[in-house]
Amino acid sequence: MEIQQQPTKSRFRRICVYCGSSPGKSPSYQLAAIQLGEQLVERNIDLVYGGGSIGLMGLISQVVYDGGRHVLGVIPKTLMPREITGETIGEVRAVSGMHQRKAEMARQADAFIALPGGYGTLEELLEIITWAQLGIHDKPVGLLNVDGYYNSLLAFMDKAVDEGFVTPAARHIIVSAHTAQDLMCKLEEYVPKHCGVAPKLSWEMEQQLVNTAKSDISR
(Lines give C-alpha, C1' and ligand atoms only; values in the text may rest on other atoms or scores of the structure.)
Protein backbone atom coordinates (compact mmCIF):
# COMPACT_ATOMS: atom_id res chain seq x y z
CA MET A 1 0.00 0.00 0.00
CA GLU A 2 1.46 3.34 -1.08
CA ILE A 3 1.61 6.03 1.62
CA GLN A 4 0.76 9.51 0.33
CA GLN A 5 3.03 12.28 1.55
CA GLN A 6 1.18 15.00 3.45
CA PRO A 7 1.82 18.57 2.23
CA THR A 8 4.00 20.73 4.48
CA LYS A 9 1.85 23.01 6.61
CA SER A 10 2.61 26.71 6.14
CA ARG A 11 1.62 29.91 7.92
CA PHE A 12 1.08 31.50 4.49
CA ARG A 13 -1.88 31.17 2.13
CA ARG A 14 -0.50 33.31 -0.70
CA ILE A 15 2.99 34.58 -1.46
CA CYS A 16 3.83 37.38 -3.86
CA VAL A 17 6.90 36.70 -5.99
CA TYR A 18 8.76 39.52 -7.74
CA CYS A 19 10.97 38.40 -10.63
CA GLY A 20 12.21 39.21 -14.09
CA SER A 21 10.26 39.03 -17.32
CA SER A 22 13.55 37.72 -18.75
CA PRO A 23 14.97 34.25 -17.96
CA GLY A 24 18.48 35.56 -17.25
CA LYS A 25 21.67 34.21 -18.80
CA SER A 26 22.41 31.56 -16.19
CA PRO A 27 20.29 28.38 -16.06
CA SER A 28 20.55 28.59 -12.26
CA TYR A 29 18.09 31.50 -12.24
CA GLN A 30 15.53 29.46 -14.14
CA LEU A 31 16.12 26.47 -11.88
CA ALA A 32 15.61 28.66 -8.82
CA ALA A 33 12.26 29.87 -10.17
CA ILE A 34 11.17 26.28 -10.73
CA GLN A 35 12.33 25.19 -7.27
CA LEU A 36 10.57 28.09 -5.59
CA GLY A 37 7.38 27.18 -7.45
CA GLU A 38 7.75 23.60 -6.23
CA GLN A 39 8.19 24.83 -2.66
CA LEU A 40 4.94 26.79 -2.90
CA VAL A 41 3.09 23.75 -4.22
CA GLU A 42 4.58 21.47 -1.56
CA ARG A 43 3.48 23.90 1.17
CA ASN A 44 -0.01 24.45 -0.30
CA ILE A 45 0.67 28.13 -1.01
CA ASP A 46 -0.94 30.08 -3.84
CA LEU A 47 1.05 32.49 -6.03
CA VAL A 48 0.58 36.22 -6.59
CA TYR A 49 2.87 37.67 -9.26
CA GLY A 50 3.21 40.26 -12.01
CA GLY A 51 1.07 38.40 -14.54
CA GLY A 52 3.59 37.82 -17.32
CA SER A 53 3.96 34.53 -19.17
CA ILE A 54 7.60 35.06 -20.16
CA GLY A 55 10.94 34.86 -18.35
CA LEU A 56 11.13 33.82 -14.71
CA MET A 57 7.54 35.01 -14.25
CA GLY A 58 6.32 32.49 -16.78
CA LEU A 59 8.38 29.66 -15.29
CA ILE A 60 7.25 29.98 -11.69
CA SER A 61 3.61 30.63 -12.56
CA GLN A 62 3.48 27.51 -14.76
CA VAL A 63 5.02 25.32 -12.04
CA VAL A 64 2.57 26.54 -9.40
CA TYR A 65 -0.41 26.26 -11.76
CA ASP A 66 0.58 22.74 -12.86
CA GLY A 67 0.92 21.82 -9.20
CA GLY A 68 -2.73 22.59 -8.61
CA ARG A 69 -2.38 25.86 -6.72
CA HIS A 70 -4.14 29.12 -7.58
CA VAL A 71 -2.15 31.64 -9.58
CA LEU A 72 -3.10 35.33 -9.58
CA GLY A 73 -1.31 37.58 -12.05
CA VAL A 74 -1.72 41.34 -11.65
CA ILE A 75 -0.64 43.31 -14.68
CA PRO A 76 -1.20 46.83 -16.07
CA LYS A 77 -3.23 46.82 -19.28
CA THR A 78 -0.45 48.59 -21.17
CA LEU A 79 2.03 45.78 -20.40
CA MET A 80 -0.23 42.90 -21.45
CA PRO A 81 0.90 42.83 -25.12
CA ARG A 82 4.56 42.86 -24.03
CA GLU A 83 4.57 40.43 -21.09
CA ILE A 84 1.85 37.94 -22.04
CA THR A 85 2.39 35.61 -24.98
CA GLY A 86 0.12 32.71 -25.85
CA GLU A 87 -2.37 31.50 -23.27
CA THR A 88 -2.57 33.18 -19.88
CA ILE A 89 -1.76 31.19 -16.74
CA GLY A 90 -4.33 31.06 -13.95
CA GLU A 91 -6.27 34.21 -13.10
CA VAL A 92 -5.12 37.45 -14.70
CA ARG A 93 -6.28 40.71 -13.14
CA ALA A 94 -5.74 43.74 -15.38
CA VAL A 95 -5.21 47.06 -13.59
CA SER A 96 -4.80 50.64 -14.74
CA GLY A 97 -1.15 51.20 -13.83
CA MET A 98 1.95 50.29 -11.87
CA HIS A 99 0.85 51.83 -8.56
CA GLN A 100 -2.39 49.85 -8.57
CA ARG A 101 -0.51 46.70 -9.58
CA LYS A 102 1.88 46.90 -6.62
CA ALA A 103 -0.85 47.77 -4.13
CA GLU A 104 -3.06 44.90 -5.30
CA MET A 105 -0.22 42.37 -5.21
CA ALA A 106 0.71 43.49 -1.73
CA ARG A 107 -2.87 43.37 -0.50
CA GLN A 108 -3.35 39.81 -1.77
CA ALA A 109 -0.14 38.34 -0.30
CA ASP A 110 0.91 37.11 3.13
CA ALA A 111 4.64 37.36 2.33
CA PHE A 112 6.95 38.52 -0.46
CA ILE A 113 9.90 36.94 -2.26
CA ALA A 114 12.22 38.44 -4.86
CA LEU A 115 13.92 36.20 -7.40
CA PRO A 116 16.64 37.66 -9.64
CA GLY A 117 15.34 40.44 -11.85
CA GLY A 118 16.06 43.94 -13.13
CA TYR A 119 14.94 47.48 -12.29
CA GLY A 120 11.28 46.54 -11.87
CA THR A 121 12.00 43.69 -9.47
CA LEU A 122 14.36 45.87 -7.44
CA GLU A 123 11.86 48.74 -7.28
CA GLU A 124 9.06 46.44 -6.11
CA LEU A 125 11.32 44.83 -3.51
CA LEU A 126 12.58 48.11 -2.05
CA GLU A 127 9.11 49.61 -1.90
CA ILE A 128 7.68 46.64 0.00
CA ILE A 129 10.65 46.82 2.43
CA THR A 130 9.99 50.54 2.89
CA TRP A 131 6.29 49.90 3.57
CA ALA A 132 7.32 47.41 6.27
CA GLN A 133 9.71 49.96 7.78
CA LEU A 134 6.89 52.53 7.89
CA GLY A 135 4.52 50.10 9.58
CA ILE A 136 2.12 49.72 6.65
CA HIS A 137 2.56 45.94 6.93
CA ASP A 138 4.54 43.39 8.97
CA LYS A 139 4.63 40.62 6.39
CA PRO A 140 7.92 38.74 5.78
CA VAL A 141 10.09 39.82 2.84
CA GLY A 142 12.52 37.31 1.34
CA LEU A 143 15.39 37.58 -1.11
CA LEU A 144 16.38 34.46 -3.07
CA ASN A 145 20.06 35.20 -3.55
CA VAL A 146 20.79 32.79 -6.40
CA ASP A 147 24.52 32.35 -7.02
CA GLY A 148 25.17 35.57 -5.07
CA TYR A 149 23.11 37.67 -7.49
CA TYR A 150 22.05 40.03 -4.70
CA ASN A 151 25.37 40.13 -2.80
CA SER A 152 25.97 43.75 -3.80
CA LEU A 153 22.48 44.78 -2.70
CA LEU A 154 22.90 43.10 0.68
CA ALA A 155 26.31 44.76 1.07
CA PHE A 156 24.67 48.13 0.33
CA MET A 157 22.07 47.49 3.05
CA ASP A 158 24.80 46.60 5.55
CA LYS A 159 26.69 49.76 4.57
CA ALA A 160 23.51 51.82 5.12
CA VAL A 161 23.30 50.38 8.65
CA ASP A 162 26.97 51.14 9.30
CA GLU A 163 26.50 54.74 8.13
CA GLY A 164 23.36 55.31 10.19
CA PHE A 165 20.78 55.47 7.40
CA VAL A 166 19.06 52.17 8.24
CA THR A 167 18.54 50.85 11.77
CA PRO A 168 19.72 47.31 12.61
CA ALA A 169 16.09 46.38 13.35
CA ALA A 170 14.97 47.62 9.92
CA ARG A 171 17.82 45.67 8.29
CA HIS A 172 16.21 42.58 9.79
CA ILE A 173 13.15 43.15 7.55
CA ILE A 174 14.85 41.49 4.59
CA VAL A 175 15.49 37.74 4.90
CA SER A 176 17.88 36.14 2.42
CA ALA A 177 18.96 32.63 1.48
CA HIS A 178 20.67 30.88 -1.44
CA THR A 179 18.04 28.17 -1.97
CA ALA A 180 14.25 28.20 -2.14
CA GLN A 181 13.89 25.64 0.62
CA ASP A 182 16.15 27.52 3.04
CA LEU A 183 14.40 30.80 2.29
CA MET A 184 10.94 29.34 2.89
CA CYS A 185 12.08 27.92 6.24
CA LYS A 186 13.43 31.33 7.28
CA LEU A 187 10.24 33.11 6.23
CA GLU A 188 8.12 30.64 8.19
CA GLU A 189 10.11 31.52 11.33
CA TYR A 190 10.29 35.30 10.71
CA VAL A 191 9.35 37.61 13.58
CA PRO A 192 9.46 41.42 13.02
CA LYS A 193 11.97 43.35 15.15
CA HIS A 194 11.39 46.87 13.84
CA CYS A 195 8.86 49.44 15.06
CA GLY A 196 6.98 51.16 12.24
CA VAL A 197 7.20 54.94 12.28
CA ALA A 198 3.60 55.17 11.10
CA PRO A 199 1.92 52.06 12.57
CA LYS A 200 -1.63 53.27 11.93
CA LEU A 201 -1.18 53.34 8.18
CA SER A 202 -3.07 50.71 6.19
CA TRP A 203 -3.11 49.43 2.63
CA GLU A 204 -6.28 51.43 2.04
CA MET A 205 -4.72 54.67 3.27
CA GLU A 206 -1.64 54.04 1.16
CA GLN A 207 -3.78 53.57 -1.92
CA GLN A 208 -5.69 56.75 -1.07
CA LEU A 209 -2.42 58.66 -0.97
CA VAL A 210 -1.42 57.22 -4.34
CA ASN A 211 -4.75 58.16 -5.92
CA THR A 212 -4.54 61.69 -4.51
CA ALA A 213 -1.03 62.12 -5.88
CA LYS A 214 -2.08 60.84 -9.31
CA SER A 215 -5.02 63.23 -9.29
CA ASP A 216 -2.74 66.17 -8.46
CA ILE A 217 -0.33 65.22 -11.24
CA SER A 218 -3.12 65.07 -13.82
CA ARG A 219 -4.34 68.61 -13.04
Side-chain angles (χ1 to χ4, degrees), residues 10-20 29 32-33 35-36 39-40 43 45-50 56 60 74 98-99 101-210:
S10 174
R11 62 188 275 198
F12 309 118
R13 292 179 302 158
R14 290 183 295 268
I15 287 183
C16 174
V17 175
Y18 304 126
C19 56
Y29 302 142
Q35 290 175 339
L36 179 57
Q39 280 291 312
L40 297 185
R43 295 168 185 267
I45 302 172
D46 295 334
L47 172 68
V48 180
Y49 81 117
L56 299 187
I60 188 169
V74 184
M98 295 298 291
H99 291 296
R101 178 198 217 180
K102 290 182 290 183
E104 182 65 16
M105 290 167 70
R107 193 165 20 241
Q108 292 289 335
D110 302 313
F112 309 90
I113 293 175
L115 279 162
Y119 290 144
T121 300
L122 188 61
E123 188 266 343
E124 290 170 325
L125 171 68
L126 292 178
E127 182 164 68
I128 211 65
I129 294 172
T130 303
W131 285 2
Q133 181 179 248
L134 291 174
I136 296 173
H137 74 88
D138 59 0
K139 303 172 183 179
V141 181
L143 194 64
L144 191 49
N145 190 20
V146 183
D147 288 350
Y149 181 79
Y150 282 116
N151 282 353
S152 297
L153 177 61
L154 293 169
F156 161 77
M157 293 176 177
D158 292 334
K159 179 68 172 176
V161 173
D162 292 341
E163 298 298 332
F165 291 105
V166 173
T167 66
R171 172 65 179 86
H172 177 74
I173 291 171
I174 187 72
V175 176
S176 66
H178 294 286
T179 68
Q181 184 174 14
D182 287 348
L183 183 59
M184 287 302 305
C185 290
K186 287 185 176 182
L187 291 177
E188 296 281 3
E189 298 169 355
Y190 173 81
V191 178
K193 291 184 178 179
H194 64 287
C195 295
V197 297
K200 292 183 179 178
L201 285 177
S202 66
W203 293 119
E204 289 73 21
M205 290 178 66
E206 172 69 19
Q207 188 59 31
Q208 213 171 26
L209 291 172
V210 168

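A distance of 5.5 Å separates CE in Met105 from OH in Tyr18, rounded to the nearest 0.5 Å. Here Glu124 contributes atom CD and Arg101 contributes atom CZ; the two are 6.0 Å apart, rounded to the nearest 0.5 Å. Note: Cys16 SG to Ile113 CD1 = 9.5 Å, rounded to the nearest 0.5 Å. Taken to the nearest 0.5 Å, the CD1 atom of Ile60 stands 4.0 Å off from the CG atom of Leu36.
When all heavy atoms are compared, the tightest approach of Val161 to Pro168 is CG1-CG, 4.1 Å. The shortest heavy-atom contact between Tyr150 and Ala114 is CE1-O, 4.2 Å. Smallest separation of non-hydrogen atoms from Ala111 and Phe12: CB-CE2, 3.8 Å. Considering every non-hydrogen atom in both Ile15 and Ala109, the closest pair reads C-CB, 4.3 Å.
The aromatic rings of Tyr29 and Tyr149 lie perpendicular to each other, with more than 60° between the two planes, well past the 30° mark.
Without hydrogens or angle criteria, Asn145 side chain to His178 main chain gives no donor-acceptor distance under 3.5 Å. A side-chain donor-acceptor contact under 3.5 Å links His172 to the backbone of Val191.
Within the structure, the side-chain hydrogen bond (donor to acceptor under 3.5 Å, both in side chains) test picks out the following pairs touching residues 155-166 (sequence neighbours left out): Asp158-Arg171, Lys159-Glu163.
The side-chain heavy atoms of Glu188 and Ser10, taken from C-beta on, include a pair separated by under 4.5 Å. Using a 4.5 Å heavy-atom threshold, the side chains of Val166 and Met157 count as separate. Using a 4.5 Å cut-off on side-chain heavy atoms (C-beta onward), Gln39 and Gln181 make contact. Two residues are said to be in side-chain contact when any heavy atoms from C-beta on lie closer than 4.5 Å; Ile174 and Leu153 fail this criterion. Annotation: side chain of Thr121 is not in contact with side chain of Leu56 (no heavy-atom distance under 4.5 Å). Looking at heavy atoms from C-beta onward, Ile45 lies out of side-chain contact with Asp110 at the 4.5 angstrom threshold. Residues Lys139 and Ile128 fail the side-chain proximity criterion, which asks for heavy atoms closer than 4.5 Å.
The side chain to side chain contact (heavy atoms under 4.5 Å, CB included) test with Pro140 is passed by exactly one of Glu189, Lys186, Arg11: Arg11.
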